[in-house]
Amino acid sequence: MEMDDHKRRRNLILYVLIAILVYMVLSTVLFPNIKTGGMEVEDVTYSQLLKDLDRKKVDEIRYTTDDAQALYTLKGEEKKAYRTTTMPTDVDLTNRIEEAGAELKVTIPEQDSGMWLYLLITFAPIIIFMLLGWWLNRRMKKAMSEDNPSMDFSGGGFGGFGGGNLGKSGARIVASKDVGVTFKDVAGQEEAKESLKEVVDFLENPKRYEDIGAKLPRGALLVGPPGTGKTLLAKAVAGEAGVPFFSISGSEFVEMFVGRGAAKVRDLFKQAKEKAPCIVFIDEIDTIGKKRDGGGFSGNDEREQTLNQLLTEMDGFDNQKGIVVLAATNRPDSLDAALLRPGRFDRRVPVELPDLAGRKAILELHSKDVKTQPPIDLTAIARSTPGASGADLANIINEGALRAVRLGKTRATQEDFEESVEVVIAGQQRKSTVLSDHEKQVVAYHEIGHAIVAARQKGSAPVTKITIVPRTSGALGYTMQVEEDERFLTTKQEVLDKLAVYCGGRAAEELIFGEMTTGAANDIEQATKLARNMITRFGMSEEFGMMALGTVQNAYLNQDTSLTCAPGTAERVDAAVLKLISEAHERAMQLLKENKFKLHELAHYLYKKETITGEEFMNLLSRENPLMPKA
């Protein structure tokens, strides 16, 4: 957008006023009077001058032939001068001055030089300040455009320094040809793409829908965990439709001045109407879209005003122009109900964590840009990363490529990608951490304890890797289990089996060393969380049955569960959790006692090799050993 004539005139007047003000200050305060040489001047009568001449007190007198005033100084007074108000023609004055012994200085000015000097002194500072303001304005706009080339800085003038751009939305405007992202660049979110393709079709062929009487959805809310590609999907919609893309974060609406956030919302939709058809994308909309409190006394009234303005704008714009508002959040439960109603955000598009097929598609998409050494089995990588988001998978591919460069390879291999999975899950290997022999033995028995309990139970996920190499996440070792097929339902028996696997490490320590260590802290935490969910959420308790005793908060973030029951019931829940974990611990201990010989054998093998595969583990566990006592 170019600055219109009104803005230009306003900025020019602003420059002139500032220049005049600064000139007046400088001329009166900083610069002394040039004609008087900086001396104090007192106006006197012509008679006083004649008296001072008669007394021979005058030291110097000067006057200009075109001026009816004279300036003179007295002997012994260096800092003061006297000025006559009038100087009539007096032929005898020159003689009097000579008789008094005063020095006479007469200046004969050139014709019109006084006028030019007056004009120069008056207007030169104004012109200089105008040029300086113009230069500073250009420098500011150039610097800001280099930081963000797509932003509009047409506010101009000194307003850029003093807050004139506070009402600007600050939205990043990307032209349709520069979006550069289409649905081909989005993998693993087929359902979300199908839901948004209709919006694209509406923007491309609005007449098809108008003929039948259908209206374009005003907005679509993309909800899902972090890293699942919500922002990427919004860009892909704009890229597919070939329309401009306005992108702004919810936090950018929040200003230190009350009312400026609402002004930014108005400016954003004003720009969108001028560029329609277009897509407006508001990321992290929960920043300004939180539920308003019932009492009307908000902790931050600025956010509430911004939300009210957003609600008004989404109701106010003409739907036929083709403006679609897309918003992304991972906290939909905290949004205001007025924002979610049809007519504002008509569609709620879940962007969930990808399934097995989705993870494989995402890995294939990101691995296209990486030089690889066949054979590469991305299905194995996808199977070993349940619960990973698209951003996690992209990071796994990148970490594999970085590892290949670190090792001096020209192509990434399957081993690099498998190791990068462990880096993302457990962190880098901590080579600086050196365990003592006893601690290393304890860690080896701990991990083999997990693995044997998992292998001896039906339905448990197969063990794929066991390591006792310390990691930067703080783990001194871990046992990796990967399901052969993706599961969406878990039975009560499978949950109990998983509890026993969590208890296997501590049980092995107690069985072999007769002591407890801090190494089982994470196992205990996971086991307690799982047992509590069995009772409060899954209804897998005989005492409470199908009674929900807790609610999940922030389902897409940390999934905190808060109890919604009486204090007495909470005590009984704690007792039931303790009972479940105790039974799982006893079961793990029993399995390890039955396989004690194999526990020793496998722990010694792991102690020597430090890392073993699931295949090695199963071969040793299942092979016949002549030294092993018969059951």
Side-chain angles (χ1 to χ4, degrees), residues 356 383-387 425-426 445-467 475 477-512 519-546 559 561 573-599 602-603 606 612-622 631:
L356 180 61
R383 191 177 287 116
S384 63
T385 52
I425 293 173
Y445 276 100
H446 181 106
E447 299 305 333
I448 293 297
H450 285 305
I452 288 178
V453 174
R456 290 305 188 197
Q457 294 183 127
K458 293 180 181 179
S460 288
V463 177
T464 56
K465 187 173 184 179
I466 311 170
T467 179
Y478 63 88
T479 301
M480 184 185 290
Q481 291 178 261
V482 177
E483 295 278 1
E484 292 179 348
D485 297 312
E486 196 160 30
R487 296 186 181 184
F488 300 97
L489 292 174
T490 307
T491 65
K492 181 180 179 180
Q493 187 56 49
E494 287 170 346
V495 178
L496 291 173
D497 290 346
K498 200 168 186 179
L499 271 180
V501 174
Y502 281 136
C503 296
R506 169 60 67 84
E509 293 178 23
E510 292 177 349
L511 180 63
I512 303 302
N522 185 254
D523 300 332
I524 294 168
E525 186 180 339
Q526 296 294 332
T528 306
K529 186 177 181 181
L530 183 59
R532 189 172 294 277
N533 282 337
M534 284 180 68
I535 296 166
T536 59
R537 291 179 57 205
F538 305 151
M540 295 179 177
S541 166
E542 294 179 2
E543 183 178 355
F544 299 104
M546 291 176 59
Q559 294 188 343
T561 304
V573 168
D574 290 340
V577 169
L578 178 60
K579 183 182 177 185
L580 278 174
I581 296 173
S582 300
E583 289 174 354
H585 184 266
E586 288 298 325
R587 190 174 170 199
M589 184 68 79
Q590 185 61 35
L591 283 170
L592 291 176
K593 285 179 180 177
E594 293 171 2
N595 296 271
K596 191 173 182 179
F597 190 88
K598 284 294 180 182
L599 176 61
L602 284 161
L606 179 62
I612 62 175
T613 64
E615 190 177 353
E616 287 178 282
F617 168 75
M618 290 307 298
N619 287 339
L620 282 171
L621 185 64
S622 59

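No hydrogens, no waters, no symmetry mates; every other heavy atom, side chains included, goes into these values. Just so it is clear, the model here is predicted, and its values are computed rather than measured.
- Residues Leu620 and Ile612 fail the side-chain proximity criterion, which asks for heavy atoms closer than 4.5 Å.
- By the 4.5 Å heavy-atom criterion applied to side chains, Ile452 and Leu591 are not counted as neighbours.
- With rounding to the nearest 0.5 angstrom, the CD1 atom of Ile466 is 11.0 Å from the CE atom of Met480.
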Worksheet item: Run the side chain to side chain contact (heavy atoms under 4.5 Å, CB included) check on Lys498 and Thr490 step by step: do they pass?
Response: CA-CA 10 Å; Lys498 200 168 186 179; Thr490 307; over 6 Å; no
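- Every residue meeting the salt bridge (charged side-chain N to carboxylate O under 4.0 Å, His left out) condition with Glu494, not counting sequence neighbours, appears here in chain and number order: Arg487.
- Legend: side-chain hydrogen bond (donor to acceptor under 3.5 Å, both in side chains) pairs involving residues 446-462, not counting sequence neighbours, sorted by first then second residue: His446-His450, His446-Glu509, His446-Asp523, Glu447-Thr479, His450-Asp523, Arg456-Asn595, Gln457-Arg587.
- The side-chain hydrogen bond (donor to acceptor under 3.5 Å, both in side chains) analysis of residues 525-541, with sequence neighbours excluded, yields the pairs Arg532-Asp574.
- Residues forming a side chain to side chain donor-acceptor pair (under 3.5 Å) with Lys465 (at least two apart in sequence, or on another chain): Glu422.
- Listed here is the closest heavy atom pair of Gly504 and Val453: CA-CG2, 4.0 Å.
- Within the model, atoms CZ of Phe597 and CG of Leu599 stand 11.5 Å from one another, a figure rounded to the nearest 0.5 Å.
- With sequence neighbours left out, Gln590 forms a side chain to side chain donor-acceptor pair (under 3.5 Å) with Glu594.
- Contact detail for Ala455 and Leu621: the closest heavy-atom pair is CB-CD2, 3.6 Å.
- Shown here is Glu483, whose CD atom has more than 12 heavy atoms of other residues, nucleotides or ligands within 6.0 Å.
- In this structure, the separation between CG on Leu496 and CE on Met534 is 4.5 Å, given to the nearest 0.5 Å.
- Interatomic distance, Thr467 OG1 to Leu606 CG, rounded to the nearest 0.5 Å: 7.5 Å.
- Across every non-hydrogen atom of Val463 and Ala454, the tightest pair is CG2-CB, 4.2 Å.
- Considering only heavy atoms from C-beta on, Val573 comes within 4.5 Å of Phe544 through its side chain.
- A distance of 11.5 Å separates CD1 in Ile512 from CD1 in Ile448, rounded to the nearest 0.5 Å.
- In plain terms, the two heavy atoms of Leu580 and Ala531 that are nearest each other are CD1-O, 3.9 Å.
- Across every non-hydrogen atom of Ala508 and Leu592, the tightest pair is N-CD1, 3.5 Å.
- In this structure, CZ on Arg506 lies 11.5 Å from CD1 on Ile581, to the nearest 0.5 angstrom.
- For Tyr445, the side chain to side chain donor-acceptor pair (under 3.5 Å) partners are His600, not counting sequence neighbours.
- Nearest approach of Ala588 to Ala500, heavy atoms of both residues: CB-O, 3.5 Å.
- One side chain, Asp497 or Gln493, offers a donor N or O that lies under 3.5 Å from an acceptor on the other.
- In Lys579, the NZ atom is not crowded: 12 or fewer heavy atoms of neighbouring residues, nucleotides or ligands sit closer than 6.0 Å.
- Using a 4.5 Å cut-off on side-chain heavy atoms (C-beta onward), Glu510 and His585 make contact.
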